[in-house]
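Remarks on the structure that follows.
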Protein chains: 2
Amino acid sequence: MATLKDIARTLDLSITQVSRALNDHSDVSEETRLRVKEMAQAMNYHPNASARKLVSGRSGMVGLVVPQHRNIGQDGIFIEAVAGLSAQFSGRGMQFVLHIMAEHEPVLPVYQRLIGKAMLDGFVLIDPLDHDPRIDFLKKAGIAFVVHGRVGKAIDYPYFDIENEQLAYDLTSHLTARGHRCIALLNGISGRSYVTVRKQGYCRALRDAGAEELPHLHLGGEMDEANGLTHTIRLFSGDAPRPTAIVCGNVRLARGVYQALAALGLRVPTDVSVVAHDDELPSLRASAFFPALTVTKAPLRDSWEPLVDCLTGAIEGKPLATLQRIGSYTFIERNSVADAAMA
Amino acid sequence: MATLKDIARTLDLSITQVSRALNDHSDVSEETRLRVKEMAQAMNYHPNASARKLVSGRSGMVGLVVPQHRNIGQDGIFIEAVAGLSAQFSGRGMQFVLHIMAEHEPVLPVYQRLIGKAMLDGFVLIDPLDHDPRIDFLKKAGIAFVVHGRVGKAIDYPYFDIENEQLAYDLTSHLTARGHRCIALLNGISGRSYVTVRKQGYCRALRDAGAEELPHLHLGGEMDEANGLTHTIRLFSGDAPRPTAIVCGNVRLARGVYQALAALGLRVPTDVSVVAHDDELPSLRASAFFPALTVTKAPLRDSWEPLVDCLTGAIEGKPLATLQRIGSYTFIERNSVADAAMA
DNA sequence: GAAAAAATCCGAAACGTTTCGGAAAAGATA
DNA sequence: TATCTTTTCCGAAACGTTTCGGATTTTTTC
């Protein structure tokens with residue numbers, strides 16, 4: 001375990017000069033710089049991160065805090081986030097701390113504790129709520145963070161997001177353009193910011209098409225196959241007007257919708273058109289549906305690099321404008337949409 | 001961000017005494033101890049982990065290093081390990097660092113780098129190989145670690161394991177006791193220690209029953225449904241003697257085996273008996289098979305607590321004998337085994 | 001050769017915590 | 001009250017790194 005002292009002793013330099021050479025200070029001669037770097041490599045020197053953090057305030061470690069829930073092993077977002085973020089941080093020589101909270105533990109004291117230990121340089125926040133207490137808390141604490149998503153209007157923190165309002169508008173207006181007016185939206189768990197803005201985009205498209213918004217056509221909850229199936233059964237079981245088209249928040253919901261429609265003896269797209277947003281989670285391919293599914297596509301895995309870029313930028317004190325990014329999505333028309341039947 | 005200095009100034013004590021009070025030194029008066037603890041709580045004091053690590057050598061952080069692979073999001077072991085370990089460490093006020101290596105990155109330099117930064121108190125090792133270089137490396141580095149499994153004979157490091165050799169013996173001899181002699185073993189990826197010892201248990205049971213070991217009846221690879229299916233098709237497609245029973249390394253393989261046998265028009269257990277080891281991964285229930293599957297059961301999730309106990313014990317310098325634990329498994333007979341047909 | 005300017009280097013202090021080796025205060029005894 | 005013993009407290013130093021504010025060395029100019 002080599003230290004600066006070891007290198008300094010060997011090269012007959014002060015530890016100050018060794019430190020300055022390793023950190024490329026301008027007033028170190030090129031000759032000294034090379035000698036020091038070679039010796040450091042030869043001695044397999046790594047700066048002691050604790051010492052460095054104590055002095056410079058930087059440890060090279062960042063955290064992700066997620067709540068424990070029963071279904072955590074099946075949560076595609078969680079798995080993707082953990083694997084993707086960890087790989088990105090590892091690739092930058094940073095360490096990724098994963099903290100899983102007990103199921104009903106209040107979140108802010110957890111952040112307070114982690115911040116209080118002064119170990120982490122910043123946090124990634126995923127799944128933001130419409131009124132997410134974490135954001136104000138971390139801003140007040142003065143610690144770097146980046147949000148996967150956006151909350152509110154006056155956004156003064158780093159984020160990476162896609163245009164969820166617009167993609168829901170595009171999916172819905174694709175259906176209205178084919179004559180559909182009775183369109184269901186299967187959305188996520190309410191209170192999440194992306195869920196809220198997707199509903200806004202859906203409603204805007206209905207308004208633009210002069211269609212009425214019917215409350216029973218907007219259903220939310222965990223976005224999995226089971227809910228896709230049960231929501232669809234519910235939509236076609238009541239006395240209320242039945243949808244001729246369904247917008248699904250993700251491809252897992254769409255899988256459940258396809259299954260339910262088949263069980264009900266309804267055909268896609270002849271009887272009911274279906275569109276979805278596709279995060280491209282690994283276990284599901286929209287193109288593998290029959291009929292193939294029309295989607296807005298934004299691979300979740302493309303989030304991790306810009307998120308990590310923004311967070312490291314925030315840690316380094318880069319200007320906020322460079323730390324707020326919008327990712328693109330692609331509209332891909334396949335075979336799951338037909339004109340509304342004139343019934 | 002309160003420090004010892006703040007508390008000391010407020011209570012008119014030295015920082016030494018504050019530190020000693022907070023750490024329950026015996027020569028601090030009870031009155032002083034309480035005053036200090038109350039003030040620390042009132043000021044929301046958390047010891048600076050970097051400072052602590054620098055002095056005491058302990059950060060309260062431990063690491064898990066896993067290689068990136070394409071299927072990481074579907075890897076039940078990985079997901080379980082990450083969620084389970086993280087929750088255990090969080091519950092103990094420790095921080096869990098997850099480091100995902102690039103796909104073909106050599107492993108030892110990664111450990112060297114992490115150790116060199118002097119941030120982590122120890123490591124959890126999962127999925128040990130028969131000749132696992134990590135173990136000797138970490139022993140030489142003098143850093144605490146715990147292994148999920150065992151390697152070799154002279155085991156002088158902390159571990160938590162189950163008796164894989166014995167469970168494979170039990171599953172196989174359950175079949176030999178019912179007259180089966182031509183028994184297949186669908187195992188994991190060779191070179192892993194549990195894979196090696198399970199094969200040993202299987203062979204021992206065959207020997208004890210006077211049955212011949214046929215090499216084509218031992219198949220290995222990723223233990224998923226796809227391989228369960230393809231291995232089974234292969235076993236029943238060649239000219240070599242076909243098995244009358246199959247031992248599966250996990251329940252996912254067994255799912256694939258059931259599917260393949262159904263496709264081949266063979267019945268469980270009338271035509272082919274099937275047994276498996278059940279880690280109780282959340283997405284699969286052995287009892288939900290039809291016919292219900294006979295298993296040795298050892299829930300993977302029961303590993304995390306003892307693993308973490310052993311690692312924290314190792315970090316605290318507890319005697320090795322208390323840090324080597326064997327977990328139990330249960331033999332559960334259900335309906336997937338019948339007597340061998342006298343054909 | 002002397003003085004000034006530029007280049008290179010370094011001592012001291014800081015960061016926040018822990019602990020060794022006393023020092024000081026309090027209590028007990030004659 | 002003085003002395004001895006016990007209890008409580010604390011100054012100094014350490015941990016490894018970074019950087020401020022010089023100090024020293026080398027180079028340039030006259």
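What's counted below: heavy atoms across the whole structure, side chains too, no hydrogens, waters or symmetry copies. Order of the sequence lines sets the chain letters (A, B, ...), proteins ahead of strands, with each chain counted from 1.
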Give the minimum heavy-atom separation between A/Ile155 and A/Val151, together with the two atoms involved. CG1-O, 3.7 Å
Interface polar pairs with nucleotides 7-9 of chain C, N/O, under 3.5 angstrom:
from  : atom 1 : to      : atom 2 : distance (Å)
C/dC9 : OP1    : A/Thr32 : OG1    : 2.7
C/dC9 : OP2    : A/Gln17 : NE2    : 3.1
C/dC9 : OP2    : A/Ser29 : N      : 3.4
C/dC9 : OP2    : A/Thr32 : OG1    : 3.3
C/dC9 : N4     : A/Asp27 : OD2    : 2.9

Whole-Å distance separating the NZ atom of B/Lys5 from the P atom of C/dC15: 5 Å
Measuring from the side chain of B/Ile15 (C-beta onward, heavy atoms only), which nucleotide among C/dT18, C/dT19, D/dT19 has the closest atom? C/dT18
A/His99 and B/Ser86: CA distance, side-chain angles, deciding distance, side-chain hydrogen bond (donor to acceptor under 3.5 Å, both in side chains) verdict: CA-CA 6 Å; A/His99 186 96; B/Ser86 178; over 6 Å; no
Step through the shown structure and confirm whether more than 12 heavy atoms of other residues, nucleotides or ligands are within 6.0 Å of NZ on B/Lys5. no
If we only count heavy atoms from C-beta on, is the B/Gln95 to A/Leu98 side-chain gap below 4.5 Å? no
A/Asn48 has an atom CG; how far is it from atom P of C/dT17, in whole Å? 16 Å
Does any donor-acceptor pair link the side chain of B/Thr3 with the base of C/dG16 at a separation under 3.5 Å? no
Length of the CE-C1' vector between A/Met119 and C/dT17, whole Å: 15 Å
Distance-only donor-acceptor test, A/Thr16 side-chain atoms vs D/dT19 base atoms, 3.5 Å: yes
Would you say a side-chain N or O of B/Ser19 is under 4.0 Å from OP1 or OP2 of C/dT18? yes
Is any side-chain heavy atom of B/Val147 closer than 4.5 Å to a side-chain heavy atom of B/Asp161? no
Please report the distance, rounded to the nearest Å, between CD1 in B/Ile7 and P in D/dC10. 14 Å
Looking only at side-chain N and O atoms, does B/Asn23 come under 4.0 Å of OP1 or OP2 in C/dT18? yes
Rounded to the nearest Å, what distance is computed from the CZ atom of residue A/Arg52 to the P atom of nucleotide D/dT19? 9 Å
Any side-chain to backbone donor/acceptor pair from A/Arg35 onto A/Leu11? Under 3.5 Å, distance only. yes
Taking atom C1' of D/dT19 as reference, at what distance in whole Å does atom CG of A/Leu22 sit? 15 Å
Where each residue is assigned the nucleotide of DNA chain D containing its nearest heavy atom, which of A/Leu4 and B/Val18 is assigned the position nearer the 5′ end? B/Val18
Atom-pair distance (CG on A/Leu54; C1' on C/dA14), nearest Å: 9 Å
Do other residues, nucleotides or ligands put more than 12 heavy atoms under 6.0 Å from the NE2 atom of B/His131? no
Could you give the NE2-to-P distance, from B/His25 to D/dT7, as a whole number of Å? 18 Å
